[in-house]
Amino acid sequence: MEREKRKLDHIEFALKTGQQHNSGLEDISFIHQSLPGISLNNVTLTAEIGELELSSPIFINAMTGGGGAETEKLNGDLAIAARETKIAMAVGSQMAAIKDPAQQASFKVVRQENPDGVLIGNLGGEATVDQAKRASDMIQANALQIHINTIQELTMPEGDRDFAGTLSRIEKITSSIGIPVIVKEVGFGMSKETVDQLLSVGVSIIDVGGFGGTNFAKIENERRAKVLGYFNEWGIPTAASIVEAVKVSPELSVIGSGGIRNSLEITKCLALGARGVGLAGHFLKLHKELGLVQLIKEITYIHEDIKIIMTALGCRNIGELRKSKMIISGNTYHWLTQRGID
Ligand code: FNR
């Protein structure tokens, strides 16, 4: 019950706190090309994230964990939106449903609503191989996200305090689960050092989950009496984190996420080298304020708009977009310079 309440609190406080607007993507400018030389009709959005072949680079990122009618309804709606727009969808943490099978209905609904779609399971870094297999079976997952959320746990009064052994658990799951594993942050970003550690244990897909959007330090601070305000501004902004991660190795598929709200930000993430882009808080807000039908429309518009921007840049596909030229200014420029990344 305590966990279920916490999950509902997360949705409520995520909506109340909103997304910040400092992902660093505001520091990225495309260079206008007057002669793009291509036709909009020839632009495709197909994406490859590791072994996952997708018709769109965008996906609904992990949100709703825990049981209860409210989360079941939200998960069902998000799965319908994913089905109708042919985008992938990650569910929120399935740990509650592994510990209490009565809560599984709120996850199984996503496969019922979207039988042929790409669905991604989700567990935390404390998960065992057996739990990972059960989470994947629960929704017949095409991939599994493992979230690492140290700052969120430290900010939660009831959160974990022991972070030993996470890397070795991730290694065991990655080598034995039989589906692609995506290791993700939850809004604090990943450094090149973290990405390097993950790569060294066989992880080949990471989601930077950067700073600048939904802020779990602020959300948890809303819920607790003793505020850990120093974590409110803690984290690596999404733009810098994507570049840090992409430079680690060409073997790695990097997903950009954290604060993404529109087609231009998505296109910038892809141009920085991300293979896919996850949106959580923005889709939650659209669903809450405008409902399912409008959410589906909005995702359709985002697809159309990414294609329009790619046409302006003369890029027929995401591979070409990755080669487009950009100017990086402001904090992101300083961040990358001081980190020795050009
Ligand atoms: C999340 N997020 C999340 N992530 C995860 O891996 N497991 C989870 O259970 C949850 N739960 C969750 C609930 C709610 C209400 C929100 C808004 C988010 C984090 C999410 O996937 C993402 O990493 C961050 O929200 C940052 O991205 P946005 O929201 O700025 O697009």
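Just follow the structure's listing: the first ligand is 1, and inside any ligand the first atom is 1. Just the heavy atoms: all of them, side chains too, but no hydrogens, waters or symmetry mates, feed the values below.
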Novice: Check this for me - ligand 1, S93, N or O atoms closer than 3.5 angstrom, yes or no?
Specialist: yes

Novice: Touching ligand 1 at all, F283? Heavy atoms, strictly under 4.0 Å?
Specialist: no

Novice: Taking S241 for the side chain and M190 for the main chain, is one N or O donor matched with an acceptor at less than 3.5 Å?
Specialist: yes

Novice: Among all protein heavy atoms, pick out the one at the shortest distance from atom 24 (C) of ligand 1; state its residue, atom name and that distance to 0.1 Å.
Specialist: V186 O, 3.6 Å

Novice: Please determine if N122 has a nitrogen or oxygen closer than 3.5 Å to a nitrogen or oxygen of ligand 1.
Specialist: yes

Novice: Look at atom 13 (C) of ligand 1 and say which protein heavy atom is nearest, naming residue and atom and giving the distance to 0.1 Å.
Specialist: M63 O, 2.9 Å

Novice: Sort out for me which residue in N149, T155, T150 forms a side chain to side chain donor-acceptor pair (under 3.5 Å) with E153.
Specialist: N149

Novice: Return yes if a side-chain donor-acceptor contact under 3.5 Å exists between S249 and E251, otherwise no.
Specialist: no

Novice: Evaluate I58 against L279 for side-chain contact (heavy atoms from CB on, under 4.5 Å), listing each step before the verdict.
Specialist: CA-CA 7 Å; I58 67 172; L279 291 85; 4.3 Å; yes

Novice: Only heavy atoms count here, so choose which of A14, A280, A62 is nearest to atom 19 (C) of ligand 1.
Specialist: A62

Novice: As an exercise, identify every atom of ligand 1 less than 4.0 angstrom from a heavy atom of E185.
Specialist: 23 (O)

Novice: Can you list the ligand 1 atoms lying under 4.0 Å from a non-hydrogen atom of I11?
Specialist: 15 (C)

Novice: Contact between S191 and R339 at the side-chain level, heavy atoms closer than 4.5 Å - yes or no?
Specialist: yes

Novice: With a cutoff of 4.0 Å, is R261 in contact with ligand 1, counting heavy atoms of the residue only?
Specialist: no

Novice: Mark the output for G259 as yes if a heavy-atom distance to ligand 1 is under 4.0 Å, and as no if none is.
Specialist: yes

Novice: So for G258, does at least one of its heavy atoms come nearer than 4.0 angstrom to any atom of ligand 1?
Specialist: yes

Novice: With K184 as reference, evaluate I148, I146, N61 under the side chain to side chain contact (heavy atoms under 4.5 Å, CB included) test and give the passing residue.
Specialist: N61

Novice: Please output the side-chain donor-acceptor pairs of residues 34-47 that fall under 3.5 Å, not counting sequence neighbours, one pair per line with the distance.
Specialist:
from	atom 1	to	atom 2	distance (Å)
S34	OG	H32	NE2	3.3
S39	OG	N41	N	3.2

Novice: Around atom CD1 of I327, are there more than 12 heavy atoms of other residues, nucleotides or ligands at under 6.0 Å?
Specialist: no

Novice: For H10, take its heavy atoms, then give the atoms of ligand 1 lying under 4.0 Å from any of them.
Specialist: 15 (C)

Novice: Could you tell me whether a side-chain N or O of R275 sits under 3.5 Å from a main-chain N or O of G50, the two making a donor and an acceptor?
Specialist: no

Novice: Give me the nearest non-hydrogen protein atom to atom 25 (O) of ligand 1 as residue plus atom name, then the distance to 0.1 Å.
Specialist: T214 CB, 3.3 Å

Novice: If you measure from each heavy atom of K184 to ligand 1, is any distance below 4.0 Å?
Specialist: yes

Novice: Which heavy atom of M89 sits nearest a heavy atom of A82, and at what distance?
Specialist: CB-CB, 3.9 Å

Novice: Give the numbers and elements of all ligand 1 atoms closer than 4.0 Å to a heavy atom of G213.
Specialist: 30 (O)

Novice: Using a 3.5 Å cut-off on N or O atoms only, is G281 in polar contact with ligand 1?
Specialist: yes

Novice: Are any of the N/O atoms in Q19 less than 3.5 Å from those in ligand 1?
Specialist: yes

